[in-house]
There are 2 protein chains.
Amino acid sequence: MQANALDTIGTFNAADKALFEKEVKIRHVDKGEVLLREGMVANSLFFNVNGAAFQYSLSPSGAENITGLYMANEWFYNPSSLAAQTPSHSFIAAYVDSIVLELSIQSIHTLIYKSAAFFQFNSLIAQPTTGAYFFDNTLTPIQKYAYILEHRPALLQVFPLKMIAAYLKITPETLSRVREKLARAD
Amino acid sequence: MQANALDTIGTFNAADKALFEKEVKIRHVDKGEVLLREGMVANSLFFNVNGAAFQYSLSPSGAENITGLYMANEWFYNPSSLAAQTPSHSFIAAYVDSIVLELSIQSIHTLIYKSAAFFQFNSLIAQPTTGAYFFDNTLTPIQKYAYILEHRPALLQVFPLKMIAAYLKITPETLSRVREKLARAD
DNA sequence: GTGGCTGCTTGATCAGAATCAAGAAATATT
DNA sequence: AATATTTCTTGATTCTGATCAAGCAGCCAC
């Protein structure tokens with residue numbers, strides 16, 4: 001299962017994969033378990049082997065602001081906290097019981113030291129996590145939902161529409177109407 | 001002038017600065033000159049010594065979509081093209097005659113090889129360029145403009161309001177009304 | 001089962017920003 | 001200097017999505 005995680009990043013040979021398996025930790029996390037807490041400095045990347053996880057921040061009013069929804073075979077982490085080593089503004093938690101891989105920064109440094117192939121992690125760390133920044137304010141609610149249907153339909157099997165709506169920065173009412181409209185159009 | 005560029009990234013000793021000065025190229029660019037063209041793979045970071053630059057992409061309809069405005073003493077580049085070594089979707093051009101420093105990826109690798117201090121460039125590359133991602137769709141036009149007034153007022157001295165509006169993803173009419181409203185409030 | 005909670009839908013209203021339109025001011029060109 | 005072009009402002013209208021409100025369905029606990 002660890003090989004999957006590497007395959008999503010680039011090409012690695014058998015020796016690299018063996019090095020990786022020695023560094024990575026396999027964690028069984030319970031529904032609701034927190035992997036990164038607001039105020040902590042992110043020290044690891046995570047890879048979702050199976051299950052589901054989500055990232056969110058709390059607004060002053062206490063509302064959950066969802067910034068990421070993660071399915072199987074996706075890496076997830078807080079890029080800004082990790083890269084700049086500053087306290088996280090967000091939480092990352094498992095949404096259902098999950099198996100995740102955890103790879104610390106120290107491990108990445110060790111891996112890069114042992115094999116140049118692991119430089120490929122730089123481009124992973126440099127990129128915003130899955131889909132999160134696709135949703136700038138130029139997209140309409142229909143386009144946002146169409147993007148989910150097109151690229152990440154599995155989200156709809158796992159997360160309630162309420163959370164999808166929060167992730168897309170639209171209200172549940174608007175999402176409901178968008179779905180009705182698209183269903184009618186088919 | 002090269003030292004300024006390093007100071008914005010972290011702490012470097014005299015030997016590091018000397019190494020840096022040997023790698024960096026000083027370029028005099030004319031108004032309108034293109035530093036990165038759509039379709040090319042970004043190979044350099046730029047630092048604006050003086051002048052002004054901007055980043056933009058062309059939508060299918062041909063409209064200019066401004067994604068970055070850069071002033072003196074700011075680094076600018078295309079993070080996604082640079083990190084992933086994929087073709088750029090955007091252009092970077094000088095807005096006025098400018099002096100910029102250019103630092104290639106190869107130079108960064110050379111510098112890192114010669115001094116561990118240059119690892120600090122990783123966190124620069126990993127971060128979205130100045131202010132660009134502050135404008136997610138949770139901010140109102142007033143908040144967006146207030147952010148500019150607070151953090152980057154110099155933009156207003158150099159770029160026409162039309163471009164500021166495009167950068168903020170609002171119409172020029174809305175920007176004009178926001179300015180009128182804030183001026184009245186003072 | 002009944003009651004209560006949560007998630008989802010549907011309707012009515014409201015507000016904010018885009019669009020459409022015109023004119024004024026500033027800048028560039030000749 | 002005169003004209004042309006671009007930028008900025010102001011007004012009227014429209015439209016999209018948020019908000020407010022109510023009702024329904026599914027699910028859990030008791």
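Note that the structure is a prediction, hence the values are computed from the model and not measured. A note on names: the letters A, B, ... follow the listed sequences, proteins ahead of strands, and every chain is numbered from 1.
Here ring-ring contact (aromatic ring centres under 6.0 Å, His included) pairs that include residues 86-106 of chain A, with residues two or more places apart or in two chains, are A:Phe54-A:Tyr95, A:Tyr56-A:Phe91, A:Tyr95-A:Phe159.
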Query raised in the report: Which is it for B:Ser104 and B:Asn43 under the side chain to side chain donor-acceptor pair (under 3.5 Å) test, yes or no, and what are the steps along the way?
Result: CA-CA 6 Å; B:Ser104 71; B:Asn43 191 48; 5.1 Å; no

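A centroid separation of 6.0 Å or more is found between the aromatic rings of A:Tyr113 and A:Phe118.
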Look for any protein N or O under 3.5 Å of an N or O in nucleotides 4-8 of chain C and output each such pair with its distance, or none.
| from | atom 1 | to | atom 2 | distance (Å) |
| --- | --- | --- | --- | --- |
| C:dG7 | OP2 | A:Lys162 | NZ | 2.7 |
| C:dC8 | OP1 | A:Leu161 | N | 3.2 |
| C:dC8 | OP2 | A:Leu161 | N | 3.2 |
| C:dC8 | OP2 | A:Lys162 | N | 3.0 |

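The distance between atom CD of B:Glu180 and atom C1' of D:dG11, rounded to the nearest whole Å, is 12 Å. Protein atom CG of A:Leu168 is 14 Å distant from nucleotide atom C1' of D:dG17, rounded to whole Å.
For A:Lys162, the NZ atom sits in a loose shell: 12 or fewer heavy atoms of surrounding residues, nucleotides or ligands are nearer than 6.0 Å.
Note that CZ of B:Phe47 and CD1 of B:Ile99 are 12.0 Å apart. Values are rounded to the nearest 0.5 Å.
Cluster annotation: A:Leu58 and A:Val41 are assigned to distinct hydrophobic clusters (Ile/Leu/Val/Met/Phe/Trp/Tyr, side-chain heavy-atom contacts under 4.5 Å, transitive).
Here the side chain of A:Gln85 pairs a donor or acceptor atom with the backbone of A:Ala42 at under 3.5 angstrom.
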Requested in this report: Indicate for each nucleotide in nucleotides 13-30 of chain C, in 5' to 3' sequence, whether protein heavy atoms under 4.0 Å reach the base (B), only the sugar-phosphate (S), or nothing (-).
Outcome: ----SSBBB---------

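In this structure, B:Ser81 and B:Ser88 approach most closely via the heavy-atom pair OG-N, 3.7 Å.
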